[in-house]
Asker: 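Here's a structure for you.
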Amino acid sequence: MFFSDRKRIALISVHGDPAIEIGKEEAGGQNVYVRQVGEALARHGWQVDMFTRRVSPDQPEFVDHSPHCRTIRLKAGPQEFVPRDELFEFLPEFVQAFLMFEQRQNLSYPIIHTNYWLSSWVGMELKKHHPYLKQVHTYHSLGAVKYKSIPTIPLIAKTRLAVEKEILEKADRIVATSPQEKDHMRSLVSALGTIDIIPCGTDVEHFGSVDRQMARQALGIAPDEKLILYVGRFDPRKGIETLVRAVHRSCLRDSGKLKLFIAGGSRPGHSDGRERDRIEGIVAELGLGQITHFPGRLSREQLPAYYAAADVSVVPSHYEPFGLVTIEAMAAGTPVVGSDVGGLQFTIVPEETGLLAPPRDDAAFAIAIDRILTQPEWRNQLGEAARKRVRTRFSWDGIAIQLNRLYAQLLEKPVAVSKTVSPVSA
Ligand code: UDP
């Protein structure tokens with residue numbers, strides 16, 4: 001295939017395939033981010049190749065998203081789902097597959113944007129082969145923060161922390177998606193390295209496209225009912241338990257008017273099934289089965305109606321580097337109650353577009369949710385302010401312009417005579 005003289009960029013996302021179904025197992029915000037950045041950059045004149053790992057022999061090697069944006073799946077390790085904490089050993093194979101692909105296709109990329117620490121390692125290895133290469137990196141999650149919020153530290157933690165420090169110090173540019181993430185990098189990882197803050201974005205037209213009354217009708221929500229919505233993966237760090245316990249404490253619990261929708265997750269038998277079973281167990285134990293509904297994974301087409309129909313969207317994560325669900329709900333004009341952590345402190349303006357509550361504190365979540373549900377006019381004001389905030393701060397095209405500017409700056413710089421980078425110990 002012959003491509004025009006568009007500038008070429010590789011987005012690397014080893015474990016987050018930008019072309020697959022989102023909202024189950026480990027597929028979430030990173031997959032959406034890479035796909036949306038890729039498509040937006042293509043609209044801004046780039047030729048975009050997004051590289052990920054092939055997890056099934058049935059998956060096509062190439063998926064075209066638009067004439068100038070495609071996903072390329074490389075073979076690295078077994079062609080099956082492997083949890084991200086077990087992927088490090090397959091990365092050298094990924095690097096080799098990338099280099100062979102370049103050679104076969106007679107292509108080279110002057111710039112790569114890597115996503116998550118696994119891909120950052122791949123990027124640093126590629127730089128050893130291509131000293132001209134510029135590397136931009138987005139963490140999506142920082143081990144140094146994450147490991148504070150989980151009870152069991154995985155074996156890979158030491159390697160991850162070392163790689164995360166190395167990439168911060170060596171990347172041509174780091175993209176932090178919120179000021180809070182930048183602060184964490186500085187206080188917990190390293191004082192060295194250059195960081196730009198460019199948030200994640202969302203498709204404000206798509207998520208704001210559905211009328212609230214029509215959405216409620218379509219989902220069978222009566223005008224006097226109150227709908228609380230969770231959207232996301234089933235992962236203990238998402239804090240769904242806190243939400244369920246908060247609903248149990250709500251002053252509206254026995255009103256006959258309260259509904260809780262917990263959306264996301266796969267069918268039984270997948271890696272996120274255990275958390276879903278656990279949450280369903282808590283729902284049953286608290287006697288909330290009658291008011292709780294699990295619609296399962298929602299497609300991108302279904303999501304706007306759910307966000308628009310909800311009276312409040314809740315993001316109860318223990319740790320959230322950015323949290324795309326928050327800005328998607330806000331784009332639909334729905335206020336968000338979120339944990340007072342990470343990116344949620346950036347996207348939610350308390351008392352203006354939603355409320356923040358301490359993570360794991362179901363009593364505080366119950367108070368915040370009830371404040372919004374019992375004051376419908378205030379709820380609408382918060383929702384309108386939320387919609388406005390997303391439009392001005394978090395539209396994908398606005399974000400793509402900022403990334404575009406960043407890449408252009410890096411490519412204009414004279415190519416540094418780069419020394420070989422010391423290897424990272426596994
Ligand atoms: N999502 C989806 N369908 C679902 C549940 C989630 O498409 O049933 C999407 C959601 O719209 C969002 C992403 O998955 O774009 C989750 O991203 P977020 O940053 O909120 O969380 P992460 O999964 O990265 O922890």
Side-chain angles (χ1 to χ4, degrees), residues 1-43 45-84 86-130 133 135-138 140 266 270-271 297 299-300:
M1 204 179 339
F2 174 77
F3 293 115
S4 60
D5 55 359
R6 284 174 164 248
K7 292 159 287 178
R8 191 176 286 283
I9 184 167
L11 305 184
I12 302 183
S13 177
V14 175
H15 86 281
D17 184 332
I20 55 156
E21 288 185 335
I22 309 301
K24 59 183 193 181
E25 291 194 309
E26 290 185 352
Q30 180 177 327
N31 309 59
V32 175
Y33 175 91
V34 175
R35 170 81 172 265
Q36 295 295 329
V37 166
E39 291 195 14
L41 290 175
R43 289 194 295 277
W46 291 83
Q47 188 65 44
V48 184
D49 283 345
M50 307 187 285
F51 290 88
T52 191
R53 196 181 77 86
R54 198 168 181 179
V55 300
S56 152
D58 302 333
Q59 287 184 318
E61 187 184 350
F62 296 98
V63 182
D64 286 319
H65 303 291
S66 70
H68 301 292
C69 178
R70 59 181 176 166
T71 293
I72 297 158
R73 297 190 173 110
L74 302 178
K75 200 183 152 305
Q79 295 195 50
E80 61 188 29
F81 172 78
V82 176
R84 59 187 112 172
E86 293 163 28
L87 278 176
F88 188 71
E89 61 175 301
F90 305 117
L91 296 185
E93 211 182 312
F94 193 95
V95 172
Q96 285 313 313
F98 184 99
L99 293 169
M100 276 165 59
F101 175 85
E102 280 187 318
Q103 219 171 39
R104 241 182 14 244
Q105 305 272 327
N106 196 20
L107 290 177
S108 69
Y109 301 90
I111 189 157
I112 55 173
H113 187 150
T114 51
N115 295 273
Y116 196 63
W117 73 273
L118 294 166
S119 306
S120 79
W121 187 89
V122 168
M124 289 189 283
E125 290 295 301
L126 291 175
K127 279 190 90 155
K128 293 179 190 169
H129 295 268
H130 301 321
L133 194 60
Q135 185 177 6
V136 176
H137 181 66
T138 302
H140 295 278
S266 16
H270 288 75
S271 64
R297 191 193 89 80
S299 68
R300 189 177 145 76

Asker: Suppose we screen for side-chain hydrogen bond (donor to acceptor under 3.5 Å, both in side chains). Which residues come up paired with R54, at least two apart in sequence or across chains?
Answerer: none

Asker: May I have all residue pairs that pass salt bridge (Lys or Arg N to Asp or Glu O under 4.0 Å) and include part of residues 90-117, sequence neighbours excluded?
Answerer: E61-R104, K75-E93

Asker: Working to the nearest 0.5 angstrom, can you tell me the gap between N106 CG and F101 CZ?
Answerer: 11.5 Å

Asker: For A19, what residues pass the side chain to side chain contact (heavy atoms under 4.5 Å, CB included) criterion, not counting sequence neighbours?
Answerer: D17, V63, H65, T71, R73

Asker: Holding to side chain to side chain contact (heavy atoms under 4.5 Å, CB included), I want the full list of residues that pass it with R300, two or more places apart in sequence or in another chain.
Answerer: Q36, D203, H206, F207

Asker: Side chain of R35, backbone of M50: donor and acceptor closer than 3.5 Å?
Answerer: no

Asker: Tell me every residue that passes ring-ring contact (aromatic ring centres under 6.0 Å, His included) with H130, counting only those two or more places apart in sequence or in another chain.
Answerer: Y132

Asker: Let me confirm one number: the OH-NE2 distance from Y116 to H140, rounded to the nearest 0.5 Å.
Answerer: 10.5 Å

Asker: Just jot down the side chain to side chain contact (heavy atoms under 4.5 Å, CB included) partners of E86, sequence neighbours excluded, or say none.
Answerer: V82, P83

Asker: Nearest 0.5 Å please: distance from the CG atom of L41 over to the CD atom of Q47.
Answerer: 11.5 Å

Asker: Has the side chain of S119 got a donor or acceptor atom that lies under 3.5 Å from a matching backbone atom of V14?
Answerer: yes

Asker: So, taking the atom named CZ in R53 and the one named CZ in R84, what distance separates them when rounded to the nearest 0.5 Å?
Answerer: 13.0 Å

Asker: Any idea which heavy atoms bring A42 and H68 closest together, and the distance?
Answerer: CB-O, 3.7 Å

Asker: Heavy-atom distance under 4.5 Å between the side chains of L107 and D49, does that happen here?
Answerer: yes

Asker: What residues form a side chain to side chain contact (heavy atoms under 4.5 Å, CB included) with P92, not counting sequence neighbours?
Answerer: W121

Asker: Output the distance between atom CD (Q59) and atom CD1 (I20), rounded to the nearest 0.5 Å.
Answerer: 7.5 Å

Asker: Could you report the tightest heavy-atom contact between F62 and Q105, atom names first, then the distance?
Answerer: CZ-NE2, 4.3 Å

Asker: Any side-chain donor paired with an acceptor under 3.5 Å for Q30 and S13?
Answerer: yes

Asker: Is a side-chain N or O of N31 found less than 3.5 angstrom from the main chain of P18, in a donor-acceptor match?
Answerer: no

Asker: Listed by chain and number, what are the side-chain hydrogen bond (donor to acceptor under 3.5 Å, both in side chains) partners of T138, not counting sequence neighbours?
Answerer: Y33, H113

Asker: Kindly write out the residues that satisfy ring-ring contact (aromatic ring centres under 6.0 Å, His included) with F98, not counting sequence neighbours, or none if the list is empty.
Answerer: F51, Y109

Asker: By side-chain hydrogen bond (donor to acceptor under 3.5 Å, both in side chains), which residues pair with W46, not counting sequence neighbours?
Answerer: N404

Asker: Considering non-hydrogen atoms only, spot the tightest contact between A76 and F90 and give its length.
Answerer: CB-O, 3.7 Å

Asker: Once side-chain hydrogen bond (donor to acceptor under 3.5 Å, both in side chains) is applied, do any residues pair with H129, and if so which ones, sequence neighbours excluded?
Answerer: none

Asker: State the CG-CG distance between L74 and L99, to the nearest 0.5 angstrom.
Answerer: 10.0 Å

Asker: Work out which heavy atom in L11 is nearest to a heavy atom in V34; give both atom names and the distance.
Answerer: CD1-O, 3.7 Å

Asker: Evaluate the side chain to side chain contact (heavy atoms under 4.5 Å, CB included) criterion for residues V37 and N115: first the C-alpha distance (whole Å), next the side-chain angles of each, then the deciding distance (0.1 Å), finally the verdict.
Answerer: CA-CA 11 Å; V37 166; N115 295 273; over 6 Å; no

Asker: With side chain to side chain donor-acceptor pair (under 3.5 Å) as the test, would you mind laying out the steps for T114 and Q135 before giving the verdict?
Answerer: CA-CA 7 Å; T114 51; Q135 185 177 6; 3.0 Å; yes

